[in-house]
K.L.:
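Below: one structure in structure tokens.
The chains referred to below are lettered A, B, ... by the order of the sequence lines, with proteins before strands, and numbering in each begins at 1. Source: prediction; values computed, not measured.
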Amino acid sequence: QTVVTQEPSLTVSPGGTVTLTCASSTGAVTSGYYPNWFQQKPGQAPRALIYSITNKHSWTPARFSGSLLGGKAALTLSGVQPEDEAEYYCLLYYGGAWVFGGGTKLTVL
Amino acid sequence: QVQLQQSGPGLAKPSQTLSLTCAISGDSVSSNSVAWNWIRQSPSRGLEWLGRTYYRSKWYNDYAVSVKSRIIINSDTSKNQFSLQLNSVTPEDTAVYYCVREKAAAGKTWFDPWGQGTLVTVSS
């Protein structure tokens with residue numbers, strides 16, 4: 001059973017920088033996993049942020065960026081805003097199936 | 001602008017079938033650069049990809065191992081929609097269900113838009 005692992009929770013100060021990661025139980029995450037990142041706020045559907053490692057949607061704020069870091073997919077928020085407090089999920093592709101990570105609860109404090 | 005509108009009952013009885021439909025506007029269910037997915041979310045299981053249907057000269061389906069024996073995702077080209085059928089449901093299938101478009105272009109893949117979500121409760 002494939003498992004995608006994210007930090008359960010992280011805390012960051014307003015204006016700070018934080019990196020969320022997404023690891024695969026099968027080994028290093030590469031471009032072939034087409035990493036996607038989503039933001040979800042309470043009572044809302046997930047919203048797409050980043051796709052295929054680094055690509056942003058037209059609505060994705062510039063302070064969000066995606067990368068591969070140490071064999072994991074990573075989402076970095078630079079200059080964090082209070083409205084960035086949310087749950088963040090990654091999604092990886094396993095050749096015919098997609099698997100979500102368990103999510104990271106980001107607190108801005 | 002692509003929009004997805006979900007419909008279907010919010011209650012299903014244990015051992016029976018959960019059925020939801022997702023109507024598509026602004027795109028075609030038989031487009032050869034998209035796949036149409038069902039994803040659910042519950043407090044106990046988080047976000048869970050269930051499966052997808054897509055057309056590449058013929059129809060294909062992929063399903064999550066966890067539900068593979070119980071799930072059917074179909075498309076209806078005449079109504080430009082796709083549907084989810086989950087059989088033999090239990091209370092563990094209680095979740096918010098989303099339909100989502102998966103778009104591929106230039107070697108990249110993204111998931112947008114999402115349907116509004118349907119809370120389905122499995123209870124007698």
Side-chain angles (χ1 to χ4, degrees), chain A residues 1-9 22 24-26 29-60 64 66 68 73 75 86-105, chain B residues 1-6 20 22 33-54 56 59-69 71 73 95-120:
Chain A
Q1 168 125 355
T2 303
V3 177
V4 176
T5 301
Q6 300 181 242
E7 297 86 1
S9 63
C22 176
S24 172
S25 62
T26 60
V29 175
T30 62
S31 61
Y33 287 79
Y34 301 97
N36 276 251
W37 289 93
F38 302 88
Q39 178 192 64
Q40 188 177 34
K41 296 183 178 180
Q44 297 181 13
R47 182 178 72 143
L49 279 179
I50 300 285
Y51 61 97
S52 292
I53 308 175
T54 62
N55 298 272
K56 300 180 186 182
H57 293 281
S58 59
W59 54 83
T60 303
F64 290 85
L68 293 179
L75 175 69
E87 192 91 22
Y88 292 85
Y89 294 93
C90 67
L91 177 63
L92 300 180
Y93 184 62
Y94 292 88
W98 292 89
V99 181
F100 280 96
T104 296
K105 167 70 175 158
Chain B
Q1 181 185 358
V2 181
Q3 292 185 318
L4 303 178
Q5 181 66 41
Q6 298 177 218
L20 296 173
C22 185
S33 63
V34 303
W36 304 97
N37 293 256
W38 286 98
I39 290 167
R40 69 181 178 183
Q41 185 172 29
S42 65
S44 60
R45 301 171 75 100
L47 279 169
E48 182 181 14
W49 177 82
L50 297 176
R52 63 182 180 178
T53 189
Y54 56 97
R56 303 288 186 269
W59 288 98
Y60 294 87
N61 290 294
D62 293 315
Y63 299 130
V65 170
S66 61
V67 294
K68 192 165 189 173
S69 63
I71 190 173
I73 297 177
V96 176
Y97 287 76
Y98 296 100
C99 58
V100 189
R101 185 185 72 155
E102 174 192 344
K103 175 77 174 176
K108 301 175 180 62
T109 300
W110 62 93
F111 285 75
D112 184 76
W114 292 57
Q116 79 273 26
T118 301
L119 173 60
V120 180

K.L.:
Kindly indicate, with the supporting measurements, whether the criterion side-chain contact (heavy atoms from CB on, under 4.5 Å) is fulfilled by Trp36(B) and Cys22(B).
P.N.:
CA-CA 9 Å; Trp36(B) 304 97; Cys22(B) 185; 6.0 Å; no

K.L.:
Between Gln44(A) and chain B, with a heavy-atom cut-off of 4.5 Å, which part of the residue counts as in contact: side chain, backbone, both or neither?
P.N.:
backbone

K.L.:
Heavy-atom distance under 4.5 Å to chain B: side chain of Leu91(A), backbone, both or neither?
P.N.:
side chain

K.L.:
Between Trp114(B) and chain A, which part of the residue has a heavy atom less than 4.5 Å away: side chain, backbone, both or neither?
P.N.:
side chain

K.L.:
Taking the side chain as every heavy atom from C-beta outward, state whether Ser33(B) and Lys103(B) have any atom pair closer than 4.5 Å.
P.N.:
yes

K.L.:
For Trp37(A), is it the side chain, the backbone, both, or neither that has a heavy atom closer than 4.5 Å to a heavy atom of chain B?
P.N.:
neither

K.L.:
Show your reasoning for whether side-chain contact (heavy atoms from CB on, under 4.5 Å) applies to Cys99(B) and Leu20(B).
P.N.:
CA-CA 9 Å; Cys99(B) 58; Leu20(B) 296 173; over 6 Å; no

K.L.:
Heavy atoms only: give me the nearest Leu75(A)-Leu49(A) pair and the separation to one decimal.
P.N.:
CD2-CD1, 4.3 Å

K.L.:
Counting only N and O atoms by type, is there a donor-acceptor contact under 3.5 Å from the side chain of Gln6(A) to the main-chain atoms of Cys22(A)?
P.N.:
no

K.L.:
Quick check on Arg45(B) against chain A: is it the side chain, the backbone, both or neither that has a heavy atom closer than 4.5 Å?
P.N.:
neither

K.L.:
With only heavy atoms counted, which part of Tyr98(B) is less than 4.5 Å from chain A, the side chain, the backbone, both or neither?
P.N.:
side chain

K.L.:
Below 4.5 Å from any heavy atom of chain B, which atoms of Tyr94(A) appear? Answer side chain, backbone, both or neither.
P.N.:
neither

K.L.:
Which one wins on heavy-atom pair count under 4.5 Å against chain B: Tyr51(A), Trp98(A), Tyr89(A)?
P.N.:
Trp98(A)

K.L.:
Among Ala97(A), Gly101(A), Gly102(A), which has the most heavy-atom pairs under 4.5 Å with chain B?
P.N.:
Ala97(A)

K.L.:
Please classify the contact of Gln116(B) with chain A as side chain, backbone, both or neither, using a heavy-atom distance under 4.5 Å.
P.N.:
neither

K.L.:
Between Phe64(A) and Tyr88(A), what is the ring plane arrangement, given parallel below 30°, perpendicular above 60°, and tilted in between?
P.N.:
tilted

K.L.:
Between Gln6(B) and Tyr97(B), is there a donor-acceptor pair closer than 3.5 Å when you use the side chain of the first and the backbone of the second?
P.N.:
yes

K.L.:
Rounded to the nearest 0.5 Å, how far does OG1 of Thr53(B) lie from CH2 of Trp38(B)?
P.N.:
12.0 Å

K.L.:
Among Leu47(B), Asn37(B), Asp62(B), single out the residue with the greatest number of heavy-atom pairs under 4.5 Å to chain A.
P.N.:
Leu47(B)

K.L.:
Flag the one option from Gly117(B), Gly107(B), Gly115(B) with the top tally of heavy-atom pairs under 4.5 Å to chain A.
P.N.:
Gly107(B)

K.L.:
Of the non-hydrogen atoms in Pro35(A) and Val29(A), which two are nearest, and what is the gap between them?
P.N.:
CG-CG1, 3.9 Å

K.L.:
At a 4.5 Å cut-off on heavy atoms, which part of Ile39(B) comes close to chain A: side chain, backbone, both, or neither?
P.N.:
side chain

